[in-house]
Amino acid sequence: MINLLLVTHRFHPYDKVGARRWSKFVNYLQRYEDLRVTVITQQSEILPNNTNPWNIDLKPSVKVIHLRRSLPAYLSEQMKIGKWLFNVIEHKWRRVRGYTDEGYGFSQRACDYVSRHMGYLKPDVIIASVPAFSTAYFMARLKQKYPEKSLILDFRDVWTDGFLSWNPQLTTQSPFYLKQVEMERFSLEHCDALVSVTPEAVEKIGTKFQDTSRIQRLLTNGCDRADLNKQEPPYPSVFNTDKINICHFGTLDFGRDLEFIKLVGDIQTNQIEWYCFGYFNASTRQLAEQFPNVHLAGHLPHSALHPYFFHADYHLIINDREFYYAYGSKIFDAILYNKKVIYISRHNSLVDKFKNRSGFCYSENDTLSNKTLLDELTKTPMAVDEKMLSEFDVEVISAAYYELIKEVYARKH
């Protein structure tokens with residue numbers, strides 16, 4: 001029996017960014033009889049009507065330990081007004097305390113908890129889900145104390161790459177930045193395996209601290225066939241059957257909003273209607289609203305999006321210019337529903353995989369590429385490549401993760 005301990009800042013039934021990957025993986029890993037799974041995560045507010053956002057069914061054998069939230073995190077979730085100001089104050093408070101990310105306090109508590117309960121938990125393999133990046137660091141400290149344990153670092157994002165873009169007031173010599181660099185180095189020095197979700201991310205993280213004995217794996221996010229609602233929902237009343245209805249699902253910020261505005265500005269035609277479901281950067285919202293065929297629908301519960309997933313003519317995926325290699329989670333919704341995709345990004349490994357596939361339109365969002373894209377959308381009948389789903393099946397990816405866990409375990413036993 002392999003005792004697997006997963007430490008993750010976000011986990012089921014938390015329903016926002018960061019919880020989906022491991023909620024889905026644990027749902028499939030629990031099927032293996034030689035694996036005993038324990039999850040350490042943080043408490044979170046759960047809406048009464050959204051208790052199972054990821055459509056999973058955890059067995060009693062899976063132990064989920066919820067550590068208390070910090071007082072500022074709790075208060076932030078309770079506030080209905082003045083939340084923006086409170087979050088600014090909390091951010092400054094965390095800096096004073098030396099916290100490098102929002103999960104630092106949780107990561108610290110998780111490390112202490114595992115140390116105090118090591119005799120009870122008896123982990124053979126520990127997985128640190130990243131971000132929060134501090135989770136990797138504190139689990140690496142635990143690994144240093146208990147070298148007989150195996151540690152896998154699971155990265156959704158590259159650590160210090162892009163950090164200065166998020167924090168333009170800092171430089172490469174700022175103590176706060178250098179602290180992150182040192183935490184990153186220490187974490188990579190003390191892990192047995194690193195995993196990430198795109199080929200580019202695996203390469204970027206792997207070159208930070210090269211170690212030929214460390215295992216490096218690409219294990220992407222994916223689609224869960226169990227999520228597919230095959231029942232045809234009512235056609236959305238806001239859609240126009242005489243137009244091409246293009247939907248973007250998820251957050252548009254960190255430059256993705258400007259990419260969207262550039263795209264819509266280049267593709268001027270009365271044949272297309274654009275719909276954005278989710279957060280749109282407030283500072284550029286007015287620019288988007290100047291286009292009469294752009295509709296900013298705001299955030300809807302995942303279940304309420306089903307009619308739009310199902311009936312959209314195209315799903316629009318936009319990468320920002322810096323993290324162009326990311327496979328945004330919304331592309332998996334498009335693949336699951338067998339929808340045609342418009343992919344706006346610099347050239348990356350996903351483009352290499354799908355650029356010649358039917359149903360996949362790609363543009364680097366320059367004027368010439370967008371003109372070609374407009375021709376594809378309005379003049380070329382396009383079918384959908386149904387093989388995409390098999391290449392990103394989360395059940396298959398979970399099986400590959402299981403094999404990695406066994407491999408890492410075998411090195412110590």
Side-chain angles (χ1 to χ4, degrees), residues 7-10 16-18 21 42 70 72-73 76 87-108 110-111 128-141 153-191 194-211 214 216 221 250-259 279 281 283 318-329 345-346 348-349:
V7 183
T8 176
H9 187 214
R10 305 297 191 194
K16 297 180 178 62
V17 174
R21 177 172 173 83
Q42 180 172 255
S70 65
S76 178
N87 288 343
V88 170
I89 296 172
E90 183 196 2
H91 182 73
K92 292 184 180 299
W93 177 82
R94 284 194 275 112
R95 285 291 180 89
V96 170
R97 294 287 300 270
Y99 289 12
T100 56
D101 54 51
E102 68 169 348
Y104 194 99
F106 158 76
S107 302
Q108 204 169 39
C111 183
S129 178
V130 184
F133 295 112
S134 55
T135 304
Y137 171 70
F138 281 102
M139 290 305 103
R141 283 178 52 174
L153 302 183
D154 184 273
F155 290 87
R156 292 198 314 276
D157 302 309
V158 181
W159 195 328
T160 53
D161 289 37
F163 182 78
L164 296 177
S165 297
W166 287 98
N167 300 273
Q169 74 280 11
L170 301 179
T171 71
T172 55
Q173 299 306 309
S174 299
F176 188 68
Y177 173 73
L178 293 174
K179 179 179 181 177
Q180 296 262 30
V181 171
E182 177 57 24
M183 289 171 64
E184 181 181 47
R185 181 198 62 78
F186 181 85
S187 301
L188 292 174
E189 281 184 348
H190 289 87
C191 73
L194 73 83
V195 172
S196 197
V197 294
T198 68
E200 293 91 340
V202 174
E203 181 180 1
K204 286 174 180 289
I205 298 167
T207 55
K208 296 291 183 75
F209 178 80
Q210 296 187 8
D211 181 354
R214 180 184 61 213
Q216 295 185 184
N221 290 314
T251 301
L252 280 170
D253 64 359
F254 198 53
R256 289 187 291 269
D257 51 332
L258 294 174
E259 293 294 315
Y279 174 80
N281 195 336
S283 64
I318 300 179
N319 282 357
D320 63 72
R321 305 303 292 177
E322 185 160 6
F323 298 102
Y324 63 93
Y325 49 85
Y327 297 178
S329 62
S345 174
R346 290 169 56 191
N348 64 16
S349 55

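The figures here come from the full heavy-atom set of this structure, side chains too, leaving out hydrogens, waters and symmetry mates. Keep in mind it's a predicted model, so treat the numbers as computed, not measured.
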Completion exercise
Here the gap from Arg185 atom CZ to His190 atom NE2, rounded to the nearest 0.5 Å, amounts to 8.0 Å
Completion exercise
Between Asn319 and Arg256 the two heavy atoms that sit nearest each other are C-CG, 4.0 Å
Exercise for the section: Classify the side-chain pair Asn221/Ser329 by whether it contains a donor and acceptor separated by less than 3.5 Å. Expected result: no
Problem - From CA spacing to verdict: salt bridge (charged side-chain N to carboxylate O under 4.0 Å, His left out), Glu200, Lys204 - result: CA-CA 6 Å; Glu200 293 91 340; Lys204 286 174 180 289; over 6 Å; no
Practice task
Could you check if a side-chain atom of Leu188 sits within less than 4.5 angstrom of a side-chain atom of Asp211, using non-hydrogen atoms only?
Solution key: no
Handout entry: 4.5 Å side-chain heavy-atom contact, Leu258 and Arg321
Key = no
Practice task
Flag the pair Gln42 / Arg10 as yes when at least one side-chain heavy-atom distance between them is below 4.5 Å, and no otherwise.
Solution key: yes
Exercise for the section: Answer whether the closest heavy-atom distance between the side chains of Asp101 and Pro131 falls below 4.5 Å. Expected result: no
Exercise for the section: For Thr160 and Phe133, run side chain to side chain contact (heavy atoms under 4.5 Å, CB included): C-alpha distance rounded to whole Å, both residues' side-chain angles, the deciding distance at 0.1 Å, then the answer. Expected result: CA-CA 9 Å; Thr160 53; Phe133 295 112; over 6 Å; no
Problem - Shortest non-hydrogen contact from Cys111 toward Phe138 - result: SG-O, 3.5 Å
Handout entry: Neighbour count above 12 (heavy atom, 6.0 Å) for Glu259 CD
Key = yes
Practice task
Please determine, by modelled atom types, if Tyr327 and Ser349 share a side-chain donor-acceptor pair under 3.5 angstrom.
Solution key: yes
Problem - Pair Phe155-Val197, side chain to side chain contact (heavy atoms under 4.5 Å, CB included): steps then yes or no - result: CA-CA 7 Å; Phe155 290 87; Val197 294; over 6 Å; no
Problem - Min side-chain heavy-atom separation Met183-Ser134 under 4.5 Å - result: yes
Handout entry: Atom pair CD (Gln180) and OH (Tyr137), whose distance is rounded to the nearest 0.5 Å
Key = 11.5 Å
Fill in the blank from the handout: Residues Ala128 and Met139: closest non-hydrogen pair is CB-CG, 3.8 Å
Completion exercise
One should read off an interatomic distance between Phe209 CZ and Arg214 CZ, to the nearest 0.5 angstrom, of 7.0 Å
Handout entry: Residues Phe176, Leu170; criterion side chain to side chain contact (heavy atoms under 4.5 Å, CB included); working and verdict
Key = CA-CA 8 Å; Phe176 188 68; Leu170 301 179; 3.7 Å; yes
Exercise for the section: May I ask you to test the Pro175-Leu178 pair for a side-chain heavy-atom distance under 4.5 Å? Expected result: no
Practice task
Check whether any side-chain heavy atom of Asp154 sits under 4.5 Å from a side-chain heavy atom of Arg21, and report yes or no.
Solution key: yes
Handout entry: Heavy-atom side-chain proximity of Ser196 to Arg156 below 4.5 angstrom
Key = no
Practice task
Please report the shortest heavy-atom distance between Gly206 and Gln216, naming the atom on each side.
Solution key: CA-OE1, 3.4 Å
Exercise for the section: Return yes if some donor-acceptor pair links the side-chain N/O of Ser187 with the main-chain N/O of Ala140 below 3.5 Å, else return no. Expected result: no
Handout entry: Nearest heavy atoms of Phe106 and Thr8, plus distance in Å
Key = CZ-O, 3.5 Å
Exercise for the section: Show the numbers, then the answer: is there a side chain to side chain contact (heavy atoms under 4.5 Å, CB included) between Phe186 and Arg141? Expected result: CA-CA 8 Å; Phe186 181 85; Arg141 283 178 52 174; 3.6 Å; yes
Practice task
Identify, with sequence neighbours excluded, every residue that meets side-chain contact (heavy atoms from CB on, under 4.5 Å) alongside Ser283.
Solution key: Asn281
Exercise for the section: State the CZ-CD distance between Arg346 and Glu322, to the nearest 0.5 angstrom. Expected result: 9.0 Å
Problem - Residue from Ile205, Val130, Thr198 passing side chain to side chain contact (heavy atoms under 4.5 Å, CB included) with Val158 - result: Ile205
Handout entry: Where Ser107 and Thr135 come nearest, the two heavy atoms and their spacing
Key = OG-OG1, 2.8 Å
Exercise for the section: To the nearest 0.5 angstrom, please state how far the OH atom of Tyr177 sits from the OG1 atom of Thr171. Expected result: 9.5 Å
